[in-house]
Amino acid sequence: MTVGVQARREADAAGEIAIDQALLDRYLALSLELVERGAERPRADGLLGLRGVLDRPEEDADEDRKARVEAAMAVSIDEALKALVAARKVEGGQLATLIADFLDQIRANVDLAEIEAAAQTEAVRERFTRRMADLAGDAPGVEDKVVVEAAALAARADVREELDRLRAHLESGHQLLAQPPAGRKLDFLMQEFMREANTLCSKSATVELTRVGLALKATIDQLREQVQNVE
């Protein structure tokens, strides 16, 4: 973080100017000698701009003035930092609430996915059994093979592990919100969320579960955008 501070002289301080008349007279005398030798006549602003002609009383005590300026700057910086901390606390509180809301949306999608997943297992088994019956009819031994293969397909379509891991990630997300700073950890957690959601969609065998999986991925993606603002 970079802090910039500017110091400006008060308007009424500009009037506190004294002229070193003796020094000005010496400069003027020397300049007139140069005029006699062919130089241009001196201008008033030029003479007043010569070092030491104009004198500000407050500049006589450089160390004291420097100390006052530094003290004023320190007060300004302290006030700015306090205002920054207060603003960041407000922003952080709002962001934490927003992230918690997204986590609740993910939990609702996971609950819905669990319902659809339970129906999916039976749907896969019934679909395979019906297809095999159409193809093999009443051939000997087919029924036993159908049962075995249907069970294998149902196992491959089982997404309970993914749902369990998603629930575990949800708990971790809430814990991280309660224990800042959590920016990098939350960012890594978003990757884990998306990995499980992708696996769930790849295992989906029904339109309903796929729809829930896509909604889950969209919510995770929105949450990931907010997490980028967390330090």
Do [X] and [Y] have side-chain heavy atoms sitting under 4.5 Å apart?
{"X": "V110", "Y": "E162", "result": "no"}
{"X": "D104", "Y": "L170", "result": "no"}
{"X": "D101", "Y": "T97", "result": "yes"}

Run the side chain to side chain donor-acceptor pair (under 3.5 Å) test against E171 and tell me which residues pass, sequence neighbours left out.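 Partners of E171 under the side chain to side chain donor-acceptor pair (under 3.5 Å) test: R107.
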Among K185, M190, E192, whose side-chain contact (heavy atoms from CB on, under 4.5 Å) with F188 holds?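 That would be E192.
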Are the side chain of N198 and the backbone of M194 linked by a donor-acceptor contact shorter than 3.5 Å?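 Checking the backbone N and O of M194 against the side chain of N198, a donor-acceptor pair under 3.5 Å is found.
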State whether the side chain of S204 and the backbone N or O of L200 hold a donor-acceptor pair below 3.5 Å, judged by distance alone.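 Flag not set: sc S204 to bb L200 has no pair under 3.5 Å.
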Q222 atom CD, over 12 foreign heavy atoms within 6.0 Å: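 Yes, enclosed.
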If two hydrophobic side chains count as joined below 4.5 Å and joins carry through other members, does V212 share a cluster with I106?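 Result: no, two separate clusters.
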Does L32 belong to the same Ile/Leu/Val/Met/Phe/Trp/Tyr cluster as L24, with side-chain heavy atoms less than 4.5 Å apart forming each link?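 Result: yes, single cluster for both.
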Closest non-hydrogen atom pair, [X] against [Y]:
{"X": "L163", "Y": "E114", "answer": "CD1-CA, 3.5 Å"}
{"X": "A96", "Y": "L177", "answer": "O-CD1, 3.9 Å"}
{"X": "P42", "Y": "L28", "answer": "CG-CD1, 4.4 Å"}
{"X": "A197", "Y": "I220", "answer": "CB-CD1, 3.9 Å"}

Can F193 and L103 be said to form a side-chain contact (heavy atoms from CB on, under 4.5 Å), step by step? CA-CA 11 Å; F193 267 121; L103 290 175; 4.2 Å; yes
Can you tell me how far the CZ atom of R167 sits from the CZ atom of R165, to the nearest 0.5 Å?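 Nearest 0.5 Å value for the CZ-CZ distance: 13.5 Å.
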Can you tell me how far the CG atom of L23 sits from the CG atom of L50, to the nearest 0.5 Å?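 Between L23 CG and L50 CG, I get 8.0 Å after rounding to 0.5 Å.
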Tell me the side-chain hydrogen bond (donor to acceptor under 3.5 Å, both in side chains) pairs involving residues 30-44, sequence neighbours left out?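 Non-adjacent pairs meeting side-chain hydrogen bond (donor to acceptor under 3.5 Å, both in side chains): R43-D45.
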Between the side chains of D25 and Q21, is a donor N or O closer than 3.5 angstrom to an acceptor N or O?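 Side chains of D25 and Q21: pair found under 3.5 Å.
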If the threshold is 4.0 Å, N to carboxylate O, is there a salt bridge linking D20 and R26?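 The answer is no: the pair does not qualify as a salt bridge.
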Residues two or more places apart in sequence or in another chain: which of them pass salt bridge (Lys or Arg N to Asp or Glu O under 4.0 Å) with D221?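 D221 satisfies salt bridge (Lys or Arg N to Asp or Glu O under 4.0 Å) with R224 once adjacent residues are dropped.
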